[in-house]
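Remember, predicted model here, so these are calculated numbers, not experimental data. First listed ligand is number 1; within each ligand, the first listed atom is number 1. Hydrogens, waters and symmetry mates play no part in the numbers below; they use all other heavy atoms, side chains included. The residues of the chain are indexed from 1 along the displayed sequence.
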Amino acid sequence: MSAAEIGVIGLGTMGAMLALNIADNGFSVAVHNRTAARIPEFLEKAGDLAEKITGHAELKDFVQGLASPRNIILMVPAGDAVDAQIAQLRPLLDAEDMIIDAGNANFHDSERRANEAEKAGIPFLGIGVSGGAEGARFGPSIMGGGQPAAWDRVAHILKAISAKYEGQPCATYMGIGGAGHFVKTVHNGIEYADMQLIAEAYGVMRDGMGMDAAACGAVFDQWNEGLLQSYLIEISGRVSAATDPETGTPMLDMILDRAGQKGTGRWTVIESQMLGAPVPVIEAAVVARNLSAARDLRLAGSEAFGSTADAMPSGALSFGELEQALIAGKILSYAQGFELLTKASADYGWALPMAEIAEVWREGCIIRSAMLNDMASALTDAPERNLALAPYFANILKANMAGLRKVAVTAMGAGQPVPALAAALNYFDTLTSARTTANMLQAQRDYFGAHSFERTDNDGAHHGPWLDQHLNG
Ligand SMILES: NC(=O)c1ccc[n+]([C@@H]2O[C@H](COP(=O)([O-])OP(=O)(O)OC[C@H]3O[C@@H](n4cnc5c(N)ncnc54)[C@H](OP(=O)(O)O)[C@@H]3O)[C@@H](O)[C@H]2O)c1
């Protein structure tokens, strides 16, 4: 076989599917895996597509099997594995050969790798790939970062293998260095928020309204016909309807209520704090996962205090109000995610294409939803405006905030935790406060640390009348 157009290293869940997708789109692809035994297994499963794929047990043969200048996708776990793989590859590569890290890298690592590559005069791309195994196989959403020329070199392949929204490829160049992986990180942070909001609505139905899983599933199915139409609502309906083949009971009821959190959700929160761009709904979602993981503590708490949650009085909440709560919560969490992207774009000098970010998420990725198309329109009109203030979404919020407020207050009144819904409500109430209570914070800071404050009636830095009294006793 002649030299392959592109190479993939790492035939795990994502790499294997991505290699098949590349072959399926007519490109010849060379593959390599650390554990060589996986290569023949993969080629066997590839069926007819194996004609477009060459497997190489040795890294140097893999490199030799690629057309120059080489383009090599890494699909290995983020972190040390990527650095180790790059270190092994570099001595085998020529100056124009390009490494493309397609895993879920921390964007700081991508920045460092891009800088190192630039100093060495060699091309490097960090691309965020979303959509799980199915997306990787049949069309993921791809967020690219690195030098524009490096992106241009492989854009035709990445666009071909990406998901399509009304024929438009969901593969977009985001900016230099770690921009692609930053956008992917925030995507995942929003994914955490979306999932937690849905889980809280399920909790209200299950614990507050006494509904079984199948009944909850029917409500999700119904919501999927309206403004909430999205992949995550769709699969929430499906998992709620599923039966455990072993016990015959609803599958959901057999799943332990303990969730972990990997890098990207946590990184979104850390970056938001570093940049001073709050994402409280995403933060609540990450915290909720951590608390869910502390099962022993929760069991001890439940034993010590008894359950604090009561069923809600019959008719306390309607499904319409619950749907409203999710609609408002979703808009507010996306507004926070895009605010974070806007702040990062300015601070890191990326010029992130806000509307195109919403566009690239419309298909292929886990957070794909009908609403993203309207978000893309709102961001086209005003890329840096908070989404909650865009007229289209402001009108939706006006129509749905009463539902969010009622659901959050009713659930909390009944002792049911709804941290993400409550965070969304508090964000909205703060966002709409012309006067917060930060004047008290400033007074306290000036009292104990002479930090000074701004006055409402006068420019400049001022102190309160307490400093002399305080310091002189
Ligand atoms: N799974 C998803 O839904 C998803 C979605 C988006 C992004 N991602 C990201 O995609 C990347 C790959 O994920 P995955 O789910 O495909 O992982 P996976 O199924 O665990 O596969 C990992 C692959 O990396 C190889 N590998 C592990 N450590 C290595 C090392 N030190 N040096 C060289 N190769 C090494 C493994 O080779 P061996 O066969 O030798 O172990 C295997 O081929 C990760 O960054 C992940 O976060 C995953």
Side-chain angles (χ1 to χ4, degrees), residues 7-22 29-46 53 55-60 62-63 72-92 99-110 113 125-145 158 161-163 170-171 178 180-192 195 231-232 235 259-268 360-361 363-368:
V8 174
I9 294 181
L11 292 175
T13 309
M14 292 295 282
M17 294 299 136
L18 208 63
L20 292 177
N21 184 358
I22 293 169
V29 54
V31 298
H32 170 76
N33 194 65
R34 179 181 62 174
T35 306
R38 266 179 121 157
I39 301 170
E41 284 167 25
F42 165 74
L43 289 172
E44 201 176 311
K45 284 194 195 135
I53 307 173
H56 300 278
E58 295 295 328
L59 192 60
K60 65 175 179 1
F62 164 82
V63 170
I72 301 171
I73 294 178
L74 301 188
M75 239 334 172
V76 300
D80 293 344
V82 174
D83 286 321
Q85 193 60 72
I86 291 176
Q88 280 181 30
L89 263 175
R90 282 286 181 228
L92 306 174
I99 293 176
I100 305 163
D101 177 19
N104 271 341
N106 184 312
F107 92 99
H108 291 293
D109 284 341
S110 300
R113 290 174 189 135
L125 277 183
I127 62 172
V129 176
S130 176
E134 194 189 331
R137 173 65 185 89
F138 298 107
S141 168
I142 298 176
M143 295 141 258
L158 299 177
I161 66 167
S162 74
C170 293
H181 276 132
F182 189 90
V183 174
K184 172 65 172 32
T185 298
V186 176
H187 163 283
N188 285 23
I190 291 173
E191 179 183 309
Y192 271 57
M195 292 169 71
Y231 174 70
L232 282 170
I235 65 166
Q261 52 98 18
K262 285 199 281 180
T264 44
R266 179 176 48 208
W267 295 339
T268 307
V360 88
W361 291 345
E363 265 307 334
C365 66
I366 303 296
I367 63 169
R368 58 188 183 264

What residue and atom, counting heavy atoms only, is the protein's closest point to atom 7 (C) of ligand 1, and at what distance?
-> N104 ND2, 3.4 Å
Ligand 1 atoms nearer than 4.0 angstrom to some heavy atom of G103 are 10 (O), 11 (C), 45 (O)
Are the side chain of H181 and the backbone of G103 linked by a donor-acceptor contact shorter than 3.5 Å?
-> yes
Any heavy atom of P77 sitting closer than 4.0 Å to ligand 1?
-> yes
Enter the distance from I72:CD1 to L125:CG here, rounded to the nearest 0.5 Å.
-> 12.5 Å
Whether A84 lies under 4.0 Å from ligand 1, heavy atom = no
among protein heavy atoms, the one nearest atom 25 (C) of ligand 1 is V76 CG1, 3.9 Å
What protein heavy atom sits nearest atom 13 (O) of ligand 1, and how far away is it?
-> M14 CG, 4.0 Å
What's the spacing between Y231 OH and E134 CD if we round to 0.5 Å?
-> 6.0 Å
Check: T185 main-chain N/O paired with T268 side-chain donor or acceptor under 3.5 Å | yes
Say you draw a straight line from CD1 of I366 to OG of S141; how long is it, rounded to the nearest 0.5 Å?
-> 10.0 Å
Closest non-hydrogen atom pair between H187 and C365, with its separation = NE2-CB, 3.4 Å
Closest protein heavy atom (residue, atom, distance) for atom 33 (C) of ligand 1 | Q85 OE1, 3.2 Å
Answer with side chain, backbone, both or neither: which part of A81 has a heavy atom less than 4.0 angstrom from an atom of ligand 1?
-> both
So the atoms of ligand 1 within less than 4.0 Å of a heavy atom of A78 turn out to be 45 (O)
What part of R38, side chain, backbone, both or neither, has a heavy atom within less than 4.0 angstrom of ligand 1?
-> side chain
Which pair of non-hydrogen atoms, one from T13 and one from A133, has the smallest distance, and what is that distance?
-> CG2-CB, 3.7 Å
So between L11, V82, T13, whose heavy atom ends up nearest atom 15 (O) of ligand 1?
-> T13
How close does the nearest protein non-hydrogen atom get to atom 43 (O) of ligand 1, and which residue and atom is it?
-> N33 OD1, 2.6 Å
Out of N188, T35, V8, whose heavy atom is nearest to atom 40 (O) of ligand 1?
-> T35
Using a strict 4.0 Å cut-off to heavy atoms of M75, name the atoms of ligand 1 that fall inside it.
-> 10 (O), 11 (C), 12 (C), 23 (C), 24 (O)
Just jot down the ligand 1 atoms closer than 4.0 angstrom to any heavy atom of G132, in number order.
-> 3 (O)
Look at the rings of F62 and H32 and say which category their plane angle falls in: under 30° parallel, 30 to 60° tilted, over 60° perpendicular.
-> tilted
Give the numbers and elements of all ligand 1 atoms closer than 4.0 Å to a heavy atom of V129.
-> 6 (C), 7 (C)
Flag the pair I86 / D101 as yes when at least one side-chain heavy-atom distance between them is below 4.5 Å, and no otherwise.
-> no
One finds that the ligand 1 atoms under 4.0 Å from a non-hydrogen atom of G10 are 43 (O)
Which residue supplies the protein heavy atom nearest to atom 29 (C) of ligand 1, what is that atom called, and how far is it?
-> R34 NH1, 3.3 Å
Could any protein non-hydrogen atom be found less than 4.0 Å from atom 20 (O) of ligand 1?
-> no
Check: G12 N/O within less than 3.5 Å of ligand 1 N/O | yes
Heavy-atom closest pair (G139 atom, N21 atom, distance to 0.1 Å) is N-ND2, 3.7 Å
Side-chain heavy-atom pair N33, I9 within 4.5 angstrom cut-off | no
Any donor-acceptor pair under 3.5 Å linking the side chain of N188 with the backbone of T264?
-> no
